[in-house]
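First comes the structure, then the notes that go with it.
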Amino acid sequence: MLLTTKFLRPTADPRSVQRERLSALLQPEGAKRLNLVVAPAGFGKTTLVSQWCSQSPSTVAWLSLDEHDDEPRRFWQYVVGAFEHNGLVGLEQCRQQLSHCGLQELDGPITGLINVLAADGAPWSLVLDDYHFIRDPQLQRQVSYFMDYLPPGVMVTLASRTEPALPLSRWRVRRWVEDVHPGLLAFSEEECQRFFHDTMGLELSELEIRRICSKTEGWVAAMQLSALSGGSIDDQKPGAGHQRIDLDERRISDYVLTEVLEQQPAPVRDFLLDTACCPRLCASLCDAVRGTTNSQVLLEQLLRENLFLIPLDTHNEWFRYHDLFRDALLQRVRQFKPEDTEKQWQRAVHWLLIHGHVQEGISQIVQHQDWPWLAKVLAEHGNNLIHGGFHLPVLSWLDSLPANTLQDSPQLLMLRVWALFFANRVDVLEPLLGELEDMLDKQVADSHPDAEGALGLQSEISLIRSYLARSKSDDKSASDLTQQVLRDIDHTRIPLKSVTYYGVGLDYYGKGDLAAAEDALTSAVRYGELERKPSTVLSSGGLLAWIQYNRGDIDEALDTCTRVRQWVDQHHSDPRQPMLISCWQNSALIEIYRERNEPQLAASYLAPLLDHVNNGTEPGQHVVIQYVRGHLAFSEGRYQEAMEALEDAASVARRRRDHILFEPPACSAMLARCYLATGHLDLAKKWVQQVSTDRFTNPLNREQNQISIARVQVALGHPADAMATLAPLRLSAEQDQHYRHLVEIQLVYSEALFAEGKTKDAEQVLAQAIQRASEAGFMRLLAEESPTIRQLCKALPILKSPGRWNSRVTAMLSELAETDETEPEESQMDRREASGNTDLPDPLSQRELEVLDLINRGLANKDIANTMRVAPTTVKAHIRNLYGKLAVGSRTEALAKARELRLLP
């Protein structure tokens, strides 16, 4: 049961100052999705938000959080409860999912909540009060996901004592966030007057109010500190005029140094000056800087006395000084003790580096422009940062070094190569590798003191070259180089086993040897965990799960994804950093949940991948993402969307083949299935004629292609040809443990037998397919076949026996039977337009046809992008593609050719 009083909005004190100017900031407008009200305790956050809610036209769902809500399932149950308490309907399924799904599957019900809000369409405001209690990294990531995909008209307001660990920088760039910080919460002159008169019961003159606002900058906490430091409020004497607050005439910063700092006891004053060099404070760090052991006691004392110390968590462990206060302290200590300041700063940076706050330490070194120290720290920590997903910051730091520092250090140059490699800038690596090899040869020839270390870098160079060879389809060279690295692995300076075994896994996967690939990738995950390389663990585990899925073991694939994700989150736990996403892992999860007939969960893993497609990603990842996107759309009957994604994937795979480290999935084979599903047998037949001569290195892709050819042959009335196509695949798929493809082969083979009138043989082969699908947990695979196969499956006795899988499959097939008689919307497209398009060797996609029509209307690229609601770069890509397909070089030529083909009037 949920505590319903947590859903009640507090009633504002009628004596409190009405903050109209701040309430106006909280109003919904433009692209804003988040009001962020952050200030220490006592700044009136809850009062302000409550006042605003009382005036808001939106329906408000209020939730007061406490320390018990820092648990993902409980948190989302209360969020859903807050919406239901305030009248949102349709959340029953979401609530049930929250009660039963695993913690790693909460993306499903969160997506369900988003969908219900989108379907409702009404304006909503969700207020999460005391959000500082929420600190679980997994929960922060889920809140980030919820915010990223909020529908229009829904806004969230967070009231917190500390800034939440959310991707606020990214959201601020998108203008999603309205920040209400202590500076904005500061009173204006009018508000100050109302505060003293209505709330405090004091009568102050207008001049006195103006003077107080000027001295304290309207910050009540600063006024309180002023009083603690010697300021006073004199009682009004009988017959006297207005009351007066006794303050100095100096600026607030001067006041802090003279009236606050100098009036503190010597231990507190020394502590403030000694720790001013620290951007953040904790007891251990302060002890290291000061060479003492009593810092925790002093920090707690400062917190009690409100001496400009702001908590960064709810454990009283991490703090920071107010920026203005810290600046004033630094100015004082640099003026009187410059040598001590330098030593204390160095101790602080050393502490940060030793205790794992490497990025913060490096940022301090960069600000200080201590380039020799930066070079030393990058040489020590740079590789781990790169493999932890921070290759772009490492590149930035390397660029800040003087040019001669990089030219004289093979290790730093190698670090730059790795950073560029992880940034997918492989086109610039070859000259750098040549320069690095020349540098190493010179050091060895000159008997350089670090000649042995220089030889160790050769293994890293070989490993990079092996990946470059894969991108050029030079599989033999890639394999030879990788094996060489394995032989020399113990001579390298940095742990390379995880990255090397990932390369070995890619090699075996490319050859279709799934068992050997699985062994290599398992080793890559194990060594990646030992070497603390989250990105390698995630990529290796993702490809491993993809292989396990194709092998036919869905449960093991899901277990691999869950275990790897948990490890990565544990060792990459700062939720303010971008979440590490693996194309392989998310794609595997999309396929797994799609196959288990859970499309909502599948879509939740697809959503973050689409951002990578839209913003530009490595071409191999682009192809895989668009492939699983197309497959999911195909499974749900959204054939036009599926064809657009698959056409894009096939085009990128064809144009960017030299930049892809592996042979991507056979996207055109899935495209052929879309043609069959929409009744375009002419397009399917043309595809068979074009694709039959293609060569595939990866047996999985070759099998996928041949199975689609057999499907087309059956649809064209040539079942004997289909059986001849499939016969050699049955044995090879079973020998190679390609069990998912084996089920498909048996399904299509049974349809061919049925078409030839061999009903008994067809039922026997079909029963074998269903038995294997049941063992593997495949479901949608049966639903995606032709209506003939689905009807045959329903009639088989094996599906009528008791069992959860049998009942779910039967229900799914019965539901599909109701729609089999309805012609798909896509098959009702204009035949005149389709016939002109099919005259082309490579027909235009629906998106390209839409772009062509907009060009014909005279729209510029920017206007086309706005009309289609896509990025301008996407429009340019569509135009480039249609120019290539029409064999033209300009808009005028494209329009003329399109009219000739009857694609335009």
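Just the heavy atoms: all of them, side chains too, but no hydrogens, waters or symmetry mates, feed the values below. Just so it is clear, the model here is predicted, and its values are computed rather than measured.
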For Phe146, the ring pair (Phe, Tyr, Trp, His ring centres under 6.0 Å) test, sequence neighbours excluded, returns Trp76
Here the side-chain hydrogen bond (donor to acceptor under 3.5 Å, both in side chains) pairs for residues 716-727, sequence neighbours left out, are Gln713-Thr725
Applying side-chain contact (heavy atoms from CB on, under 4.5 Å), can you list everything that pairs with Ser651, at least two apart in sequence or on another chain?
Arg654, Arg655, Asn881
Residues pairing under salt bridge (Lys or Arg N to Asp or Glu O under 4.0 Å) where one sits in residues 100-116, two or more places apart or in two chains, turn out to be none
CG on Asn586 to CD on Glu591, rounded to 0.5 Å:
12.5 Å
Residues forming a ring pair (Phe, Tyr, Trp, His ring centres under 6.0 Å) with Tyr605, sequence neighbours excluded:
Tyr593
Can you sort out the partners of Arg95 under salt bridge (charged side-chain N to carboxylate O under 4.0 Å, His left out), two or more places apart, ordered by chain and number?
Glu84
Across all chains, not counting sequence neighbours, the side-chain contact (heavy atoms from CB on, under 4.5 Å) partners of Ala767 are none
For Tyr527, check ring pair (Phe, Tyr, Trp, His ring centres under 6.0 Å) against everything at least two apart and list the hits.
Tyr501
Name every donor-acceptor pair, under 3.5 Å, that has one atom in a side chain of residues 740-764 and the other anywhere in the protein, sequence neighbours excluded.
unit_1: Arg740; atom_1: NE; unit_2: Tyr549; atom_2: OH; d: 2.9
unit_1: His741; atom_1: ND1; unit_2: Glu703; atom_2: OE1; d: 2.9
unit_1: Glu744; atom_1: OE1; unit_2: Arg711; atom_2: NH2; d: 2.8
unit_1: Ser750; atom_1: OG; unit_2: Gln746; atom_2: O; d: 3.3
unit_1: Ser750; atom_1: OG; unit_2: Leu747; atom_2: O; d: 2.6
unit_1: Glu751; atom_1: OE1; unit_2: Ser786; atom_2: OG; d: 3.2
unit_1: Glu751; atom_1: OE2; unit_2: Ser786; atom_2: OG; d: 2.8

Taking side-chain contact (heavy atoms from CB on, under 4.5 Å) as the test, write out the residues that go with Ser582, two or more places apart.
Leu538, Trp584, Gln585
Please set out all donor-acceptor pairs under 3.5 angstrom arising from side-chain atoms of residues 792-803, sequence neighbours excluded.
unit_1: Ser801; atom_1: OG; unit_2: Ile798; atom_2: O; d: 2.9
unit_1: Ser801; atom_1: OG; unit_2: Asn806; atom_2: ND2; d: 2.9

With sequence neighbours excluded, tell me which residues meet salt bridge (charged side-chain N to carboxylate O under 4.0 Å, His left out) with Glu92.
none
